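Worksheet for the structure shown next.
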Amino acid sequence: MNSPDVRNAIQIDRGSSLAICNEIGDRLRIKLGGEHDPLPRHLAALVDRIAQISSHSNQATLVMTSRSDPAC
């Protein structure tokens, strides 16, 4: 059995969804100003780890691209 929320769901296109998300983000940025608490240590460590992995991935892509260049 479907809940009333599912039965009455409105289907919107991807562009409208993106516009709604952007508007919500803009309003939150205005409302929250610059107020924010620092990230918990564990979460900050995970964010740093993602940055490291991303950096290594970008460097590996550059190395692979330069090695596969036929002009080299």
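Given the structure is predicted, the values throughout are model-derived calculations rather than measurements.
Separation of atoms CG (Leu28) and CD (Glu23) is listed at 10.0 Å; rounding is to 0.5 Å. The OG atom of Ser16 sits 12.0 Å away from the CD atom of Gln11 when rounded to the nearest 0.5 Å. Rounded to the nearest 0.5 Å, atoms CG (Asp26) and SG (Cys21) are 11.0 Å apart.
Residues Ile50 and Leu39 are members of separate hydrophobic clusters, defined by side-chain heavy-atom contacts under 4.5 angstrom among Ile, Leu, Val, Met, Phe, Trp and Tyr. Hydrophobic clustering keeps Leu18 apart from Ile10 (ILVMFWY residues linked when any side-chain heavy atoms are closer than 4.5 Å, directly or through intermediates).
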